[in-house]
Number of protein chains: 2
Amino acid sequence: MPRRADAGEPATRRATIRDVAAAAGVSIATVSRILAGNYPSAPATRTKVMRAVRELDYVANAHARALSGATSKTIAIVLNSVISPYYAHVAQGVQTQAAHHDRLCLIGTTGGDPDRELATVRLMREEHADAVILVGNVVANDDYRARMAEYAHALSAAGSQLVLCGRPPLGRDVPAIAVEFDNTGGAYAATSHLLSQGHQRILYLGHRPGYTTSEGRIAGYRNALAAFGVSNDLDLEVEGTLERNEGYRMMKRRLARGTPDFTAVFAANDQIAAGARQALREHDLRIPDDISMVGYDDLPPAEDIGLTTVHVPHEELGRTAVRLALEREGTGATGAAHVMLGTHIVVRDSVRPAVRKA
Amino acid sequence: MPRRADAGEPATRRATIRDVAAAAGVSIATVSRILAGNYPSAPATRTKVMRAVRELDYVANAHARALSGATSKTIAIVLNSVISPYYAHVAQGVQTQAAHHDRLCLIGTTGGDPDRELATVRLMREEHADAVILVGNVVANDDYRARMAEYAHALSAAGSQLVLCGRPPLGRDVPAIAVEFDNTGGAYAATSHLLSQGHQRILYLGHRPGYTTSEGRIAGYRNALAAFGVSNDLDLEVEGTLERNEGYRMMKRRLARGTPDFTAVFAANDQIAAGARQALREHDLRIPDDISMVGYDDLPPAEDIGLTTVHVPHEELGRTAVRLALEREGTGATGAAHVMLGTHIVVRDSVRPAVRKA
DNA sequence: CTGTTAGCGCGTTCAC
DNA sequence: GTGAACGCGCTAACAG
């Protein structure tokens, strides 16, 4: 008696493995084995079964399969939003690699809200995903670390592997994999690029104190200044979020002060760069003629506006996350792991040598 | 005997409803009822149970729940890719609305390959998703329609609702919901905008014959030309795909012919517009001073390049898809449904009145 | 090589 | 208000 809420129609009930077995005149075990393909079987029975499968248009019930002990064959990814290019590219990598391993992708967004993150991880836990991948910039305080450790253990107990993407590792006693990219190195390279062109006053746009990605980038910026013997003027470090609008606002506010006291801009990401660029143009300042600029991420806006930026391997980040999680499956390995992906500068047309105002 | 491939550790086996029942000193039925919350129960037992749940950090097994007849509480979405802003925004809408209905989102990408689409829909069928949402521009030939009808019936039999997003409806006998936006109307408005500024030679960049979205848009373009009494020069309709690079290539090739024989450009989408714009600049042609341009979609590149374009409610598309699918759940309604979402022009700064070359 | 059987964890009848 | 028992569809032992 199917409980489907159909309109009382004959409702050709979904075919089960039993129907296939009956149609083929064999037992359900035989059908199961033949479909799994990991067991020897007589070609004749095989043909009969496959024909029945085709005729009934049978597909296995994923839930029944997952329940009976096999893996759920799903990878879960949790991120702030899908429309941000940053997350979208990581998600694409995850999705690609998951498909490559014949797995489906569960996706959940949090809008950056810890409560929704908690709720989402809970749902993922119910789903028994092979891996749960958390993506995104975050404040790595004790509170956060405690929360992640909880997730890690809970997921581990449920048979899932927690993976942190673009977030710092948690320590050797927490069963989580961390995959990051080198923010400090990339920022160092980008800043050096500006410094070597003679720029001394470089505006850092979009620092978010506490956020690990931001801290990594600004550290690279400061290191480079130090290496070039340029003193670090804190007034050049502007705090703000990572959106395009914020880039616009920050630059607007800065320009309202009067003639720019900087010759170059290091935008914390490409979106900020795009916003700042717009603000500059509204003040008749052109890039790179009047002001030089570098961004970070090498995502869509960058190419459109000819921005020299730091390329971050977002898709590879996602692929690596899945690969690592699946590699240790069945291995019994449950400790911590940490991978750091490299970055490199992409030179376009937003930087010119500084004009010596001797 | 848990079959988890653990490293032989004590491996605190995932808590089941039985464990909770034991800890609370009640039966599993009581636990089930209290957690579902749709049944009267003594406050005392309730407290005991909830405490046990908290202590064991119990979460229900989604597969067992789905198997035992309840809904799977998931919405599936199938699209070409996640990194395209178009799909990303629709996906965001789907994801938002799904979360709003307390559902998780399964996602699959096809890269536009029908075989992968087939495989993905199959997987979704195994998952028993409440709805399976197919997104994206497509050639609506008989072959396609037959394939969709098959999907629709197979999914319907499995208890899932097929939803077509940005694709034409299939006919009243096919159990599918279609949600589209008005391509022809938007293109008509955009073209009229150019025509009313005196442009007569408008280059249409990126027509893909057969693709429904493209056919809709070029129809609007042609209708507007006709309405303004401008003859339709087929040489102005350039065929191409919808990527940025293609926009660049198409414009490059056109400009190689010599002085432009057009004063305005209608790009089939914003990405094409961005590419074409770059090509124009390389030939020292500026927008809007030398050439006017409109795009379509109103997605990220548009704002960055100050493009006048047609706003398409992508997120609303996704939200509507989920809402409609869930609305008819249990209704027994299994017929076809069709919704058309409106569009409107967003004026920025890429259009100037045409120069009369009298 | 194939059939029989016992769970997987949960919702849900029935009785009490 | 609560407990016992059955079945969802499938996989994996164990026989034959």
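Note that the coordinates shown come from a computational prediction; the quantities given were computed from them, not determined experimentally.
With rounding to whole Å, B/Lys48 atom NZ is found 15 Å from D/dG1 atom P. One can place CG of B/Asp19 at 13 Å from C1' of C/dC10, the figure rounded to the nearest angstrom. For the pair B/Glu126 CD and D/dG9 C1', the interatomic distance rounds to 12 Å; values are reported in whole Å. In this structure, the CZ atom of B/Arg65 is 18 Å from the C1' atom of D/dG9, given to the nearest Å. Atom P of nucleotide D/dC8 and atom CZ of A/Arg14 are separated by 14 Å, given to the nearest angstrom. Going from atom CG of B/Leu67 over to atom C1' of D/dT11 covers 12 Å, rounded to whole Å. Per the geometry, NE2 belonging to A/His63 stands 17 Å off C1' belonging to D/dT11, to the nearest Å. At whole-Å resolution of the value, NE2 in B/His128 and P in D/dC10 are 9 Å apart.
The overall bend of the helix from C/dC1-D/dG16 to C/dC16-D/dG1, read as the angle between its terminal helix axes built from five base pairs each, is 40° when rounded to 10 degrees.
When only modelled atom types and interatomic distance are considered, B/Tyr58 and B/Asp19 share no side-chain donor-acceptor pair under 3.5 Å. With no hydrogens or angles considered, a side-chain donor-acceptor pair links B/Glu180 and B/His338 at under 3.5 Å. Judged by distance alone, the side chains of B/Arg65 and A/His63 never bring a donor and an acceptor atom under 3.5 Å apart. There is a side-chain donor-acceptor pair under 3.5 Å between A/Thr30 and A/Ser27.
Within 6.0 Å of atom CZ in A/Arg147, more than 12 heavy atoms from other residues, nucleotides or ligands are found, so the atom counts as buried in its surroundings. B/Arg323 CZ: more than 12 foreign heavy atoms inside a 6.0 Å radius. No more than 12 heavy atoms of other residues, nucleotides or ligands shown are found within 6.0 angstrom of NE2 on A/His100.
Across residues 27-37 of chain B, B/Ala29, B/Ser32, B/Arg33 each have a non-hydrogen atom less than 4.0 Å from an atom of DNA chain C (numbered order).
In this structure, B/Thr45 does not reach the D/dG1 phosphate: none of its side-chain N or O atoms is under 4.0 Å from OP1 or OP2. OP1 or OP2 of D/dC10 lies within a sub-4.0 Å distance of a side-chain N or O belonging to A/Tyr58.
The side chain of B/Arg18 approaches C/dC8 more closely than any other nucleotide in the set C/dC8, C/dG11, D/dT2. Of the candidate nucleotides D/dT2, D/dG9, C/dC10, D/dG9 has the atom nearest to the side chain of A/Thr16.
Remark: side-chain polar atoms of B/Arg54 are not paired, donor with acceptor, to backbone N or O of B/Ala52 under 3.5 angstrom.
For residues 151-172 of chain B, every residue pair satisfying the salt bridge (charged side-chain N to carboxylate O under 4.0 Å, His left out) rule, not counting sequence neighbours, is listed here: B/Glu117-B/Arg167.
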